[in-house]
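I have placed the structure first, in the form of structure tokens, so that the comments after it can refer back to it.
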Amino acid sequence: MRVAREPIMARPLLKIHRYFRCKPVRFFSFILLYLTAGSLVFLHSGFSSDTSTTGASRSVRDPLISEGGGGTGGGSSTSDGLGLLGRVFKETRRAPRKFGPPWMKKNRAPDVPEWAGRGVDHHTSSWSHGAKGKTTKGMDDGRAKYIGCYVDDTQKRALRGVSFFDYKKMTVFRCQDNCAERGYLYAGLEFGAECYCGHKIQAPNVSESECNMECKGEKSNLCGGPKRLSIYRLELSQESTRRYGSSIFKGCFKRPDNVTLALPASAVIKNMSVDKCVDMCTEKEFSLAALAGEKCHCGFPTPLFTLHDHEDEELCLQRCAGEDFESCGNNDFFVVYQTQVQDNRCLDRRFLPSRSKHSVALASFPGAGNTWARHLIELATGYYSGSYYFDGSLYNKGFKGERDPWRSGRTICIKTHESGRKEIEAFDASILMIRNPYKALMAEFNRKYGGHIGFASQAHWRGKEWPEFVKNYAPWWASHTLDWLKYGKKVQVVHFEDLKRDLFSRLKGMIIFLGLEVSEDRLLCVEGQKDGNFKRSGLRKLEYDPYTAEMRATIDGLIRTVDTALRKRNLSGVPEEYRPR
């Protein structure tokens, strides 16, 4: 039987052999197609793995963003293009350096990348799951409280801030997080797929039965109805920005001595309202709108009007003639808003005109605000900062020095998380950023499992990842600072909390340390654009303390050690926010 079967089984192979022998061109064409298909499969797998690790680092902003009233828009391919560019850089450039505790580096398998095993915290992967199986009525999980169902009119919106639409994947959390990211107090969902943000509700409420449409992205929740909004009040952190529509509330300020020079454009507006003054200053392309009763002033922050000396808001309490709910200030005290007009005085950046032989490190423990400090330094100096590593997502966000070799001498300072004598002594001077370890550890954990502005999921916080992370990274927080204090040749210590609290003077000191002249106009411009693209939303905060008593005992001991080391070098100890003292 076997002898009889062999010719039958061999016939197809013989036919294929004769087919290609007669037509060699066909054979080579077949080989070419085979190799091309294999290459495409390889590239696709590379892109997919890269997307899974970098996707979470993108902003939670959605592509369908519009200002003010509604309108359907198409998706944007910008972020996809940037992502592809980032992937190209990652494939064509040097392998990125990895940072982590020195003792973990030694144990890390050489073929396992640092990002291996990271989870991605998708929009609905954490607390929004708690809403499964519920309607919007009565929902209150500590981050957003359901207010009720409200009328919405296309001519006069109930919520008049940013809006966006997604007719396939809209969820309650997605809308809430987008509004919270921009500092709005309210988030409203309409027609199952539309999201509106605002600082106050300007419409009457109606029966809950009129908000009866399921969300397009989660059938278990309701997202308003036709001309009906399901509205939530967002429980934002204290750091979140107060807004009026698309403008940012800056505060109440005393009238400048020379109003004409400080705020060069002004006009008397009948039935004054915040909207009217902001619109006027936006049209005239000024970044500040100052309301003084019936008069509206426009300008930019300058040494004549710095916005540094806030006054009690009660001094500005005077109702607007055209708006019952808002204050319009008076002749002596101005209510100031920042418009959407971009202050261009600090946006130009370039590489150093001549290569520097003096390398300055911008050193910090991960999660201590290094990327934010780079953003501030670049705006304040006009020069790119470099990096000891290479991060394609940061390059795509505008950090062009990220692509340069760190020894190139073309950047004003070099980001590094390294510690250890050899790495530290490679630099001639350093700015050492230190942050409260309780905040820094949580920030780095979020970055590690959620990207630069993403969040770790509840599963990561409650699982084994968090205790293991604290065990390995907490000692590194202390040893990193101690190493730089010990081996650094010339070190300027900057506490993250101090920089945040007094940005102008602290950043000014950093610029002087870098050997550059300080432009006050440029620093004032930086203050208006201090957040950049790397600030997490104020909404998603843990509902519990992730630190155990044992963790706190360890971290408190490390804080004492660092505090002692700073004081021995005649430096101020750790700030009051740190624990214990």
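Please read these numbers as outputs of a predicted model, since none were measured by experiment.
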Between the side chain of Asn472 and the main-chain N/O of Glu468, is any donor-acceptor distance below 3.5 Å? yes
Taking only Lys NZ, Arg NE, NH1 and NH2, and the carboxylate oxygens of Asp or Glu, determine whether Arg501 and Asp498 approach each other closer than 4.0 Å. yes
Got more than 12 heavy atoms from elsewhere within 6.0 Å of CD, Glu425? yes
Any donor-acceptor N/O pair, Asp348 side chain to Gly382 backbone, under 3.5 Å: no
Could you check, using the six-membered ring where one of them is a Trp, whether Trp461 and Tyr449 have ring centers closer than 6.0 angstrom? no
Got a sec: does the NZ of Lys254 have more than 12 other heavy atoms crowding it under 6.0 Å? no
Would the distance check show the side chain of Arg421 and the main-chain N or O of Tyr487 forming a donor-acceptor pair, the cut-off being under 3.5 Å? no
Checking the side chain of His460 only, and the main-chain atoms of Trp466 only, is there a donor and an acceptor separated by less than 3.5 Å? no
Is the backbone of His358 close enough, under 3.5 Å, to the side chain of Ser356 for a donor and an acceptor to pair up by distance? yes
Would you find a donor on one side and an acceptor on the other, under 3.5 Å apart, between the side chain of Glu497 and the backbone of Asn436? yes
Take the angle between the ring planes of Trp406 and Tyr388 and call it parallel below 30°, perpendicular above 60°, tilted in between. tilted
Measure from the side-chain N and O atoms of Arg522 to the backbone N and O of Leu379, and report whether any donor-acceptor pair falls under 3.5 Å. yes
Between Lys415 and Asp391, does at least one N-O distance fall below 4.0 Å, as a salt bridge requires? no
Measure from the side-chain N and O atoms of Glu378 to the backbone N and O of Ser385, and report whether any donor-acceptor pair falls under 3.5 Å. yes
Are His417 and Phe365, when compared by the centres of their aromatic rings, separated by less than 6.0 Å? no
Only one of Phe469, Tyr438, Tyr473 passes ring pair (Phe, Tyr, Trp, His ring centres under 6.0 Å) with Phe445, and that residue is Phe469
Please state whether the rings of Tyr395 and Phe390 are parallel, tilted or perpendicular, taking 30° and 60° as the class boundaries. tilted
